[in-house]
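What you see is a predicted model, and the numbers here were worked out from it, not measured in a lab. The first residue in the sequence is number 1, and the count goes up from there. All values below come from the heavy atoms of this structure, side chains included, with hydrogens, waters and symmetry mates left out.
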Amino acid sequence: MTTCGRKIAVHRLRLAVADRPIGRLALDVGEDRGGDPGAWASLTADEARELARLLLLHADLTEQGATAEK
């Protein structure tokens, strides 16, 4: 649960196509405390890795900025 009240869930999706199975990761951002709907995205493994890289990069930058402000 985030501090703004949204639940973020990650799920593995497997689509059973006869000639070529498809694997995806689903990122589900649930509704907020007020009941406003959330969103979801279906990502390939490469897209998920890039998202993880960007999240870690920006988390580091955010922490550095918070340290610099003190």
- [ ] Would you check, one step at a time, whether the test side-chain contact (heavy atoms from CB on, under 4.5 Å) holds for Thr44 with Arg24?
- [x] CA-CA 5 Å; Thr44 65; Arg24 294 283 187 274; 3.8 Å; yes
Rounded to the nearest 0.5 Å, what separates atom [atom1] in [X] from atom [atom2] in [Y]?
X	Y	atom1	atom2	answer
Met1	Arg6	CE	CZ	11.0 Å
Leu25	Leu13	CG	CG	7.5 Å
Asp60	Leu55	CG	CG	11.0 Å
Leu15	Ser42	CG	OG	7.5 Å
His58	Arg53	NE2	CZ	8.0 Å
Leu54	Arg49	CG	CZ	14.0 Å

Open item on the list: Show the nearest heavy-atom pair for residues Asp36 and Asp32, with the distance to one decimal.
Closed with: N-OD1, 2.9 Å
TODO: Give a yes or no on this: more than 12 heavy atoms of other residues, nucleotides or ligands lie within 6.0 Å of atom CZ of Arg14.
DONE: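 More than 12 within 6.0 Å, yes.
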Open item on the list: If hydrophobic clusters are built by linking Ile, Leu, Val, Met, Phe, Trp and Tyr wherever their side-chain heavy atoms come under 4.5 Å apart, do Trp40 and Leu51 end up in the same one?
Closed with: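 Hydrophobic grouping puts Trp40 apart from Leu51.
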